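Report on one structure; see the data block that follows.
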Amino acid sequence: VQLQASGGGVVQAGRSLRLSCGASGRTLSIYAMAWFRQAPGKEREFVAARTWSGGSTYYTDSVKGRFAISRDNYENTVYLQMNSLKPEDTAIYFCAAAARGGRFYSNYERDWTYDYWGQGTLVTVSS
């Protein structure tokens, strides 16, 4: 599975941005997708995740009500709609895919749950 993230950029606080993550290759093996982010000088952290079928979605508390993870079934693309952006949302955003469902539900926040990673896309929110 190959993942290609895009959509990052510079945006003012309060504005919106949508990130995309295109999946190719053995996409039938994907069980769940997620977005993580890494701010300067900080560790990578979980942002949002969803099962490939869309039955379950999860968000970290700091983005609940502002971010939404979704999927375009036909394009095998997962999106992260980010609204009401804050300067603290500034980070490199990574998409990831998990091939195994057994450990996902209890460990969706852990980066080791995911088997495939895309390159990062930088989001900068100015105040």
Side-chain angles (χ1 to χ4, degrees):
V1 175
Q2 294 78 45
L3 303 176
Q4 180 74 34
S6 62
V10 180
V11 64
Q12 287 186 323
R15 296 297 186 101
S16 299
L17 204 60
R18 189 179 75 163
L19 304 183
S20 301
C21 179
S24 61
R26 298 185 63 184
T27 57
L28 289 178
S29 67
I30 296 175
Y31 186 84
M33 295 281 291
W35 288 95
F36 284 74
R37 65 186 179 186
Q38 186 167 19
K42 295 187 177 181
E43 294 187 352
R44 187 165 57 187
E45 65 171 355
F46 168 78
V47 176
R50 60 165 279 158
T51 51
W52 196 236
S53 66
S56 300
T57 56
Y58 306 91
Y59 299 92
T60 193
D61 286 346
S62 63
V63 308
K64 284 180 181 177
R66 299 190 299 122
F67 289 14
I69 186 170
S70 63
R71 176 193 166 195
D72 181 327
N73 293 344
Y74 296 102
E75 297 294 331
N76 283 336
T77 299
V78 172
Y79 301 100
L80 184 67
Q81 178 67 42
M82 304 185 295
N83 300 325
S84 301
L85 281 162
K86 304 175 181 180
E88 50 263 44
D89 294 319
T90 294
I92 299 173
Y93 285 71
F94 300 89
C95 60
R100 287 158 283 185
R103 61 186 182 183
F104 172 75
Y105 291 99
S106 57
N107 296 288
Y108 58 84
E109 297 175 297
R110 310 296 183 187
D111 55 8
W112 47 258
T113 293
Y114 301 90
D115 304 286
Y116 308 99
W117 290 82
Q119 89 295 355
T121 185
L122 178 61
V123 173
T124 302
V125 183
S126 61
S127 57

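On a predicted model such as this, the values are computed, not experimentally measured, just so you know.
A continuous path of hydrophobic side-chain contacts links L122 to F36 [ILVMFWY only; heavy atoms under 4.5 Å]. Cluster annotation: V63 is not connected to F46 through the hydrophobic network of ILVMFWY side chains, with a link wherever side-chain heavy atoms come within less than 4.5 Å. Grouping the Ile, Leu, Val, Met, Phe, Trp and Tyr side chains by contacts below 4.5 angstrom, directly or via other members, places V47 with L19. Taking hydrophobic clusters as Ile, Leu, Val, Met, Phe, Trp and Tyr residues chained together by side-chain heavy-atom distances below 4.5 Å, V78 does not share a cluster with F94. Residues L3 and Y114 fall into different hydrophobic clusters, defined by Ile, Leu, Val, Met, Phe, Trp and Tyr side chains chained together at heavy-atom separations under 4.5 Å.
Classification of K86 and D89 as a salt-bridged pair fails, no side-chain N sitting under 4.0 Å from a carboxylate O. With salt bridges taken as basic N to acidic carboxylate O contacts below 4.0 Å, one links D115 and R103.
Both the sub-6.0 Å distance and the 45° axial angle are satisfied by R18 relative to the ring of Y79. A cation-pi geometry, defined here as NZ or CZ lying under 6.0 Å from the six-membered ring centre and within 45° of its normal, does not hold between R44 and W35.
Here the side chains of R50 and S56 are not in contact, with every heavy-atom distance at 4.5 Å or above. Taking the side chain as every heavy atom from C-beta outward, I30 and Y116 never approach each other to under 4.5 Å. Here the side chains of C95 and W117 are not in contact, with every heavy-atom distance at 4.5 Å or above. Considering only heavy atoms from C-beta on, F67 comes within 4.5 Å of L85 through its side chain.
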For this session: Take Q119 and Q4 through the side chain to side chain contact (heavy atoms under 4.5 Å, CB included) test and state the conclusion after the steps.
Result: CA-CA 7 Å; Q119 89 295 355; Q4 180 74 34; 3.1 Å; yes
For this session: Given side chain to side chain contact (heavy atoms under 4.5 Å, CB included), test T90 with V123 step by step and report yes or no.
Result: CA-CA 5 Å; T90 294; V123 173; 5.9 Å; no
Problem set entry | Worked verdict on C21 versus M33 for side chain to side chain contact (heavy atoms under 4.5 Å, CB included) | CA-CA 9 Å; C21 179; M33 295 281 291; 3.8 Å; yes
For this session: For the pair V1 and S29, evaluate side chain to side chain contact (heavy atoms under 4.5 Å, CB included) and give the outcome as yes or no after the intermediate values.
Result: CA-CA 8 Å; V1 175; S29 67; 3.6 Å; yes
Problem set entry | Steps toward side-chain hydrogen bond (donor to acceptor under 3.5 Å, both in side chains) verdict (N107, E109) | CA-CA 5 Å; N107 296 288; E109 297 175 297; over 6 Å; no
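Between L80 atom CG and Y59 atom OH the span is 7.5 Å, to the nearest 0.5 Å. To the nearest 0.5 Å, the span separating CZ on R37 from CD on E88 amounts to 8.0 Å.
Judged purely by atom type and a 3.5 angstrom limit, T121 has no side-chain atom pairing as donor or acceptor with the backbone of S6. For the pair R66 (side chain) and S62 (backbone), a donor-acceptor distance under 3.5 Å is present.
Across all non-hydrogen atoms, the minimal contact from S16 to S84 is OG-N, 4.3 Å. The heavy-atom pair separating A32 from F104 by the smallest distance is CB-CE1, 3.4 Å. Residues P87 and A13 approach most closely at CD-CB, 4.1 Å, considering heavy atoms.
Side chain to side chain, T77 and D72 fail the donor-acceptor criterion of an N or O pair below 3.5 Å.
Between Y58 and Y108, the two ring planes are parallel [angle under 30°; tilted spans 30° to 60°].
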